[in-house]
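Just below is one structure, and these are the notes that go with it.
All residue numbers refer to positions in the sequence shown, counting from 1. It should be emphasised that the depicted structure is a prediction, and the values quoted were computed from it without experimental measurement.
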Amino acid sequence: MRVARDGALLVRERITFEFSGSFSGAYRDIPLRKGESIDGVAVAEGRTRYRPGGNTQLGSVDAPETFGVTHIDNGVRVVWHYRASDEARTFLVSYRFRGLAVAYDDVVDINLRVWGDQWPAGVDKLTAAMRLPRATKLGGPYRVWGSPVWVRGVVTRLRDRALLRASLVPAHQFVELRVVFPRRLLGSTAGAQVRDGSGLPKILAEELGSQRAYERDRERIDDAKRHIGRWALVLLALGLLPALAGIFGIWLLYGRERKTGYDREYEQAPPFETEPALVPPLLRQDKTAGSNEFTATLFDLIRRGRYKTVPVTTERKVWGGLRHEDVADLEVTAGNTEVQLKNFEQPVAHVVDAVIGSEGERLSKFRDRIEEDREGQSKRFKSFKEHVADAIDRNSWYVNSGGRALAFAAGLFAVAGVLSFWIGVDGFRSAAPRWSDVVLIALGGCAIANAVMLAAAATRVRLWRRRSSAGQSEAERWDAFRRYLTDFPRLQEAPPATLELWERYLVYGIAFGIAERVLQGAHLHMPQELHDQSSVYWITPTGDLGSGPSALAIGDLSSGFGSALAPPSSGGSGGGFSGGGGGGGGGGGGGAW
């Protein structure tokens, strides 16, 4: 670059392309600001001067050694045509840049981006020289800066020119050369912008402020390194406390159960006609049914006559097959098919119907028969769980407003965290990191950690979901009934007088996962005549609870159903650069095709 006597800048760019493959066109975009203009554009290669009039469309094909100039939004585009294949070619683009220099009363300020941030590729070696209108003494108002500080480079000030050298400039990274010299070196200001007043104090303040900002950032980062423990605690607090406070607030507003005034310790009979598959999810404040609910539904269908049972004995191997013993079992066959079934009971009936067929099947063989058609039976089990969830939704037991609040908070933290982290990483420069970028990255990580915590809290429905008043009232009474069944064997109260109530005890005990407690109570308190009439109780005369079919099935059958009904698994395998810069004109970028 040569500064003309009128302040215009005569620019000659030597750009070397390393071509891999065949290419025929290249371009150079030069941004322009208000008051700036470019003219006198020329393109050459060695001693060959390109002819004007070439096509200016990117990607176009035209005669080699031609070029064209066109105006684009906020700038000028130069396009030239050639033929190149797997070689290095150096092109010379020259032009006159008017209005870039700013002439104050005391100095002339030329701040030029000698390499723009629009280049899609980096450059290994960048050199720039700006020749003054005439030589001047070093010092005083003659100043030179290179920027930004995170680019590896140096500047040199000579009496007649300023030099810049930079290396390993990454893609989309600008490099600026700023030269300030006495205004008296110009003969006129026809090619420059004129501004009243002294410019040197303001320019020095800008550069000094940029340098001090860099030094403050470095000091803050060094301080953080020296006190890493303190900052770790701060980040830990920022990464946990906002989410914990939000979770607590959401629980307080939406998840905390409202008391109904119910104060009984026990309910001695099922307080409602709610099906056994629905009660445990209500007590868990959940909508998911499992193998206990499935098994309880099966025994409830037996109790209601949908299936019939006959006590039998089955030979079982013990001691690794060294011994055999007869254990009590139940033969299950089809019963009254006119029994009305709920939607979630129908998949259970389909599973059982497929197992027993027309001949019936022993309860101890259910697991093996289910595994014979594991894929089909797992689909029925999935349908059972889905219908249970639908039935719970229809009962309107839960208030889910807290889930929306939790999702909104998690989304807000996630968006803020990703944006903050992305902005910080995008602006981060390892050679000269800015404190603001470090803070943005740290805050982004903390916000993402909060979002993860809130997302994890979403899996704990008790934190954000509460029961409706009707649901809470029913749940409290069912909880009292569960306590009664749990304590039933040791209670001295009068036992149930009817077979139906005894059988309902067992069905709900299976659902609650405490069937053994009910069986123990039955062994202690159940009259023999009622036992003999039952289709779900069978306790051998020896009193061994493990030898009865109910105990045989309930202890192992429920877990067996859980594994047998699970879906089949699948597998697979001079001086350095200073300041941040950013105020220079020109720059832009280019490319080739």
Side-chain angles (χ1 to χ4, degrees), residues 1-17 28 30-31 36 38-47 78 88 90-103 107-117 119 122-149 151-169 173-187 191-192 203 207 574-579 581 583-590:
M1 298 148 301
R2 182 170 64 86
V3 183
R5 293 298 300 275
D6 65 354
L9 198 63
L10 306 179
V11 183
R12 293 163 59 88
E13 299 182 0
R14 290 182 177 85
I15 308 172
T16 299
F17 288 86
R28 174 80 170 89
I30 306 171
E36 298 177 345
I38 285 178
D39 58 18
V41 179
V43 179
E45 185 179 4
R47 295 181 177 273
V78 183
T90 300
F91 302 98
L92 175 64
V93 180
S94 59
Y95 51 90
R96 181 171 64 173
F97 207 144
R98 300 171 64 87
L100 176 68
V102 179
V107 295
V108 177
D109 180 20
I110 300 179
N111 193 356
L112 176 67
R113 287 194 174 185
V114 295
W115 189 256
D117 57 6
W119 286 98
V123 60
D124 292 337
K125 180 182 179 182
L126 173 68
T127 61
M130 183 180 297
R131 184 182 294 273
L132 303 182
R134 53 193 174 92
T136 186
K137 64 179 181 180
L138 302 178
Y142 177 27
R143 306 295 180 94
V144 179
W145 294 275
S147 60
V149 67
V151 171
R152 296 180 180 179
V154 295
V155 292
T156 304
R157 181 177 54 173
L158 304 176
R159 293 188 69 240
D160 63 338
R161 74 191 67 186
L163 305 178
L164 175 147
R165 294 188 300 275
S167 61
L168 302 177
V169 180
Q173 174 59 62
F174 70 86
V175 179
E176 288 180 354
L177 172 62
R178 189 174 194 177
V179 179
V180 177
F181 56 86
R183 178 169 171 171
R184 57 181 172 76
L185 299 184
L186 296 182
I203 295 169
E207 293 296 333
F577 279 20
S578 64

Exactly one of Thr127, Val11, Val175 should register a side chain to side chain contact (heavy atoms under 4.5 Å, CB included) with Val114. Which one does?
Val175
In sequence, state the C-alpha distance, the side-chain angles, and the governing distance for Arg183 and Val107, and then conclude on side chain to side chain contact (heavy atoms under 4.5 Å, CB included).
CA-CA 4 Å; Arg183 178 169 171 171; Val107 295; 5.8 Å; no
Would you say the side chain of Val43 lies within less than 4.5 Å of the side chain of Arg28, judging by non-hydrogen atoms?
no
Output the distance between atom OG (Ser94) and atom CZ (Arg14), rounded to the nearest 0.5 Å.
10.0 Å
Please confirm whether the backbone N or O of Tyr142 pairs with a side-chain atom of Arg157, one donor and one acceptor, at under 3.5 Å?
yes
Determine whether Trp119 and Val169 make a side-chain contact, defined as any pair of heavy atoms from C-beta on separated by less than 4.5 Å.
no
Just so I know, are the side chains of Arg12 and Arg2 near enough to count as touching, which here means a heavy-atom distance under 4.5 Å?
no
Arg96 side chain reached by Leu10 side chain, heavy atoms, under 4.5 Å
yes
Might you point out which heavy atoms bring Ala4 and Pro133 nearest each other, and give the distance in Å?
O-CG, 4.1 Å
Nearest non-hydrogen partners of Arg134 and Arg184, listed with the distance
NH2-O, 2.8 Å
I need the Arg98 CZ to Leu100 CG distance, nearest 0.5 Å.
12.5 Å
Does Asp124 form a side chain to side chain contact (heavy atoms under 4.5 Å, CB included) with Leu168? I'd like the steps, not just the answer.
CA-CA 4 Å; Asp124 292 337; Leu168 302 177; 4.0 Å; yes
Taking all atoms of both residues into account, what is the closest heavy-atom pair of Glu36 and Gly99, and its distance?
CG-O, 3.6 Å
Does a salt bridge link Arg143 with Glu207, judged by any charged N lying under 4.0 Å from a carboxylate O?
no
Side-chain heavy-atom pair Val78, Tyr95 within 4.5 angstrom cut-off:
no
Find out whether Asp6 and Leu186 are in side-chain contact, i.e. whether some heavy atom of one side chain is under 4.5 Å from a heavy atom of the other.
no
How long is the straight-line distance from CZ of Arg131 back to CG of Leu163, given to the nearest 0.5 Å?
9.5 Å
Which atom pair, heavy atoms only, marks the closest approach of Ala162 to Val179?
CB-CG2, 3.8 Å
Could you check Val180, Leu158, Leu177 and say which one makes a side chain to side chain contact (heavy atoms under 4.5 Å, CB included) with Val144?
Leu177
Atom pair CG (Asn111) and CH2 (Trp145), whose distance is rounded to the nearest 0.5 Å
9.5 Å
Apply side chain to side chain contact (heavy atoms under 4.5 Å, CB included) to residues Ile110 and Phe181 and explain how you reach the verdict.
CA-CA 9 Å; Ile110 300 179; Phe181 56 86; 3.8 Å; yes
Could you check whether any side-chain heavy atom of Leu132 comes within less than 4.5 Å of a side-chain heavy atom of Asp160, counting everything from C-beta outward?
no
Between Leu185 and Thr136, is any pair of side-chain heavy atoms under 4.5 Å apart?
yes
Please give me the minimum heavy-atom distance between Val108 and Ala101, naming the atom from each residue.
CG1-CB, 4.0 Å
